[in-house]
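Take a look at the structure set out below.
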Amino acid sequence: MSLSSEMESVNAHAGSPARRVATRAIFFVTGMAMGLWAALVPYAQLRTHSEAGDLGLLLLCLGAGSLLSMLGSGRIIGRFGCRAVIVAAVVLYCLMLPLLAVFSDIGLLALSLFIFGMGIGLADVAVNVQGTLVEQAADKPLMSGFHCLWSVGGIAGAGGGALLLSAGISPLGSTFFAVALVVIVTAWSFRGMLPFGAHEEDGAEGKPKARPNFRLALMAVMAMICFMAEGAVLDWGGVFLTRERGLALEHAGWGFAVFAVAMSLMRLTGDAIVSALGRKRILVVGGVLGIAGYLMVVLLPGWILPLCGFALVGIGAANIVPVLITLAGQEKVMPVNMSVAMVATLGYLGVLGGPAVIGFIAHLSSLYVAFSAVAAAFLIITFGAYKLKY
């Protein structure tokens, strides 16, 4: 059978239940790997005797590795297909996980984190491309459910890692449990992964590769804003609640916790909500809720109502990125692998650079002003929704 015939045959079944289950499984295990690293961070800090600044640089290595691999991911996925790239990425981050649990030399740990980040970033883009192709073949919203499994995996990795560590299992032993589970799930999902990374017509020889249009660029900016809002809650929410709202220091994590739970619950039901409301309304309403949530954080007294504000931001932001990934895959000016990779990569810049921008604004003025700026940025999502094609 020729490659063209194989692609036609596989593409016809891309929306099958087996493909959907495999996509959810890879979202889950990749989120779990990231969640486990979160549980290992305090142990890494103890082994390396690193201060807060050194730890920040270590975490930056993870983000830099992810971003670097994302930059070239579209072409790699188009050349080798989702299945090959996902397997290679999973192998890469599984090889690094045990090293993250044992290295005490900060240089070696930084290098391992960089490579681990490359695996995570490559897997993220490849599974989003697969998810887009599977959703298009199924002809119904699926992306929110896929992204929900990443969130659930993150909770399972962090929570499961914490349970193993508290039970006396060493950090290295905990990573072996995780790696074994990832390998088993990936092997079980292998046949459900797509052997190609774009539609057959996208990969036709001699077809010119167009540049991104205005809509794709706008989607990338909207995704960046949404990720920036998430990073702002993660890195600055606890600081704001403890310094400005009087929340006890030991409860500083509550802000991100309520945000993450709200986001996960909304993504769990996101596909049904997208089907009921349509993608345009999801973006408009999500942007409005993001604005309202951050204004609650900034304007309302005490810490209970601002906590509700962070939850409202999670509700609003939950389905914005999944919808944008879907819409990016529908643009015909670029192959699916390239358009999805572009939006995912530039969106990820919001996670990396957003908290730094928030900190810079807070340094010049205050966190009140910085969070107000994030609320204003959600206006781009709200009004940008009217410029997209559905």
Side-chain angles (χ1 to χ4, degrees), residues 34 56 59-60 62-64 66-67 70-71 117 120-121 124-125 128 147 150-151 154 216-241 255-256 258-260 262-264 266-267 282-298 306 309-325 327-328 341-385 388:
M34 276 296 294
L59 298 178
L60 186 61
L62 191 158
S66 295
L67 185 60
M70 284 178 160
L71 288 173
I120 293 291
D124 275 345
V125 177
N128 269 294
H147 280 245
W150 200 99
S151 301
L216 272 174
L218 179 58
M219 287 180 222
V221 171
M222 292 164 72
M224 189 183 303
I225 291 168
C226 194
F227 277 124
M228 180 181 70
E230 181 175 349
V233 179
L234 175 61
D235 289 350
W236 293 103
V239 174
F240 181 84
L241 289 171
F256 186 72
V258 298
F259 169 88
M263 175 174 277
S264 297
M266 282 303 294
R267 284 181 171 173
I282 290 293
L283 294 178
V284 173
V285 173
V288 170
L289 291 178
I291 294 169
Y294 267 108
L295 289 181
M296 284 179 65
V297 171
V298 171
F310 283 133
L312 195 60
V313 174
I315 291 171
N319 294 306
I320 290 176
V321 171
V323 165
L324 291 173
I325 293 293
L327 295 178
M342 173 188 164
V343 172
T345 302
L346 292 181
Y348 190 72
L349 277 176
V351 175
L352 287 181
V357 173
I358 298 299
F360 180 71
I361 296 173
H363 176 72
L364 294 178
S365 53
S366 68
L367 275 175
Y368 289 95
V369 175
F371 282 169
S372 297
V374 178
F378 268 103
L379 287 170
I380 297 176
I381 295 176
T382 301
F383 291 107
L388 302 181

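Since we're looking at a predicted model, the values are computed, not measured.
- Considering Val321, Ile325, Leu218, Val221 in turn, Ile325 is the only one that fulfils the side-chain contact (heavy atoms from CB on, under 4.5 Å) rule with Val343.
- Scanning all heavy atoms of the two residues, the minimum distance from Val284 to Ala385 falls at CG2-CB, 3.6 Å.
- A search for side chain to side chain contact (heavy atoms under 4.5 Å, CB included) contacts involving Val369 returns Ile361, Ser365, Ser366, not counting sequence neighbours.
- Side-chain contact between Asp124 and Tyr348: absent, with no pair of heavy atoms (C-beta onward) separated by less than 4.5 Å.
- Evaluation of the ring-ring contact (aromatic ring centres under 6.0 Å, His included) rule for Phe360 yields no partner, not counting sequence neighbours.
- Proximity of Val233 to Tyr294: side-chain heavy atoms (C-beta onward) are separated by under 4.5 Å at one or more points.
- The two atoms that bring Ile380 and Met222 nearest to each other are O-CG, 4.3 Å, heavy atoms only.
- The main-chain N or O of Met70 is found under 3.5 Å from a side-chain atom of Thr345 such that the two form a donor-acceptor pair.
- Residues His147 and Asn128 bring a donor and an acceptor atom of their side chains to less than 3.5 Å of each other.
- By the side chain to side chain contact (heavy atoms under 4.5 Å, CB included) test, Phe240 pairs with Glu244, Arg245, Val297, Leu367, Tyr368, Phe371, sequence neighbours left out.
- Under the 4.5 Å side-chain criterion, counting only non-hydrogen atoms from C-beta, Arg267 is not in contact with Trp150.
- Scanning both residues, Ala220 and Leu346, for their nearest heavy atoms gives CB-CD1, 3.6 Å.
- Within the 4.5 Å cutoff, the side chain of Val374 has no heavy atoms near those of the Val313 side chain.
- In terms of heavy atoms, Leu324 sits closest to Ala223 at CD1-N, 3.5 Å.
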